[in-house]
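The next block holds one structure in the form of structure tokens; read it before the comments.
Basis for what follows: all heavy atoms, side chains included, without hydrogens, waters or symmetry-related copies.
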Amino acid sequence: PESSLLSSSFKNQFQGILQNAPNIQNLESDELLYLSAFAERIDLNVDAQVTDTDTGGNAETDLNNSTLLVSTDFSDGQYESFGVKTVGDGLGEVRRTDNEIFYEGVKVADVDAFQDGIGRALEINFSTASISAVQAVVRNITYSNTFVLRTEGERSISLTLEDNDSESSLKKTTAVP
């Protein structure tokens, strides 16, 4: 019985961590068929939802000092890239200029200089960002594979969002070249 109490306690603590972690929804069933080498959004319907709660279960309004990591197995290595589709500076729009990301014309994040999405993971570090800003960025993440001789098959793409409390969540979607 002591081990079952320990297991139950651990399970409750683990579930609590997941409940307070930021969450990305509406990517689970997105499966992309890439027929070209052009960058395509991984959020097919542009309907991803981002949420976060504090330890009391209350909805957060921002994801300041959070990190979004987008990755794959890179089976085609340097030919696979992630990016952020530039839409503009209008209401709800995002723009990437070099290693800076803007939401509605205001800088909200920096792209990591090493993990810049070209042949490796894309790491976006949000400084001051609302939930809406992070959600808009997630909706505009792109994937491309320019390898001419790429093999057919699935590419699992993962998005990990970590908030300033070091709680994180993982979502996966699939790209089929």
Side-chain angles (χ1 to χ4, degrees), residues 17-18 21-28 30-32 34 36-44 46 48-52 60 62-87 89 93-148 150-151 153-177:
I17 290 170
L18 291 178
N23 194 5
I24 302 171
Q25 297 174 328
N26 295 339
L27 287 179
E28 295 83 1
D30 286 356
E31 186 172 287
L32 312 174
Y34 288 99
S36 71
F38 297 111
E40 300 285 342
R41 284 185 176 125
I42 61 173
D43 182 12
L44 280 178
V46 193
Q49 296 290 314
V50 174
T51 58
D52 191 21
E60 293 277 9
D62 65 68
L63 278 164
N64 295 340
N65 303 311
S66 60
T67 301
L68 176 66
L69 184 69
V70 185
S71 190
T72 187
D73 59 7
F74 293 102
S75 57
D76 292 329
Q78 66 189 13
Y79 300 100
E80 292 181 278
S81 297
F82 292 106
V84 177
K85 180 178 179 67
T86 293
V87 180
D89 288 329
E93 295 179 337
V94 297
R95 169 175 53 93
R96 178 178 176 177
T97 302
D98 299 320
N99 282 342
E100 296 179 324
I101 297 182
F102 299 82
Y103 175 68
E104 297 180 346
V106 177
K107 182 180 172 190
V108 294
D110 290 298
V111 174
D112 184 86
F114 179 72
Q115 294 195 88
D116 60 0
I118 301 171
R120 57 180 57 105
L122 173 64
E123 181 178 317
I124 300 172
N125 298 300
F126 294 94
S127 49
T128 304
S130 65
I131 294 284
S132 298
V134 175
Q135 180 173 282
V137 171
V138 167
R139 289 177 175 178
N140 285 285
I141 297 292
T142 61
Y143 169 82
S144 66
N145 187 336
T146 59
F147 188 46
V148 178
R150 64 181 175 258
T151 57
E154 293 185 352
R155 306 293 194 272
S156 179
I157 298 171
S158 64
L159 287 85
T160 305
L161 183 57
E162 183 177 306
D163 64 14
N164 62 352
D165 298 322
S166 298
E167 296 173 329
S168 60
S169 63
L170 173 68
K171 287 294 177 190
K172 292 192 176 197
T173 187
T174 303
V176 183

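Counting heavy atoms from C-beta outward, Asp43 and Asn26 have side chains that stay 4.5 Å or more apart. Contact check for Val70 versus Phe82: side-chain heavy atoms found under the 4.5 Å cut-off. Side-chain contact between Ile141 and Leu68 is present, with heavy atoms from C-beta onward closer than 4.5 Å. Considering only heavy atoms from C-beta on, Asp62 stays 4.5 Å or farther from Thr128 through its side chain.
When each of Asp165, Asn164, Asn125, Asp163 is checked for a side chain to side chain contact (heavy atoms under 4.5 Å, CB included) with Asn65, only Asn164 meets the rule.
Checked by atom type and distance alone, the side chain of Thr86 pairs as donor or acceptor with a backbone atom of Arg96 at under 3.5 Å. Counting only distance, with no hydrogens or angles, the side chain of Thr72 and the backbone of Ser156 share a donor-acceptor pair below 3.5 Å. Between the side chain of Arg139 and the backbone N or O of Ala48 there is at least one donor-acceptor pair closer than 3.5 Å.
Interatomic distance, OH of Tyr103 versus CD of Gln135, reported as 8.0 Å (0.5 Å rounding). We find the OG1-OH distance between Thr146 and Tyr79 to be 7.0 Å, quoted to the nearest 0.5 Å. One finds the CG atom of Leu159 at 9.0 Å from the CD1 atom of Ile124 (value rounded to the nearest 0.5 Å). Separation of atoms OG (Ser130) and CD (Glu104) is listed at 7.5 Å; rounding is to 0.5 Å. In this structure, CG on Asp110 lies 11.0 Å from CG on Asp98, to the nearest 0.5 angstrom. In this structure, CD in Glu162 is found 11.0 Å from CG in Asp52, a value given to the nearest 0.5 Å.
Heavy atoms only, all atoms of each residue included: Ala21 and Ser168 are closest at CB-O, 3.5 Å. Counting all heavy atoms, side chain and backbone alike, Asn64 lies closest to Ala129 at OD1-N, 2.8 Å. Pairing each heavy atom of Phe102 with each of Gly105, the nearest pair is CD2-O, 3.9 Å. Shown here for Glu93 and Asp89, the closest heavy-atom pair between the two residues is OE1-N, 3.3 Å. When all heavy atoms of Val94 and Ala136 are compared, the pair lying nearest together is CG1-CB, 3.6 Å.
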Using side-chain contact (heavy atoms from CB on, under 4.5 Å), reason through Leu122 and Val111 one step at a time and then give a plain yes or no.
CA-CA 7 Å; Leu122 173 64; Val111 174; 3.7 Å; yes
Test Leu63 against Leu161 for side-chain contact (heavy atoms from CB on, under 4.5 Å), laying out the working first.
CA-CA 10 Å; Leu63 278 164; Leu161 183 57; 4.0 Å; yes
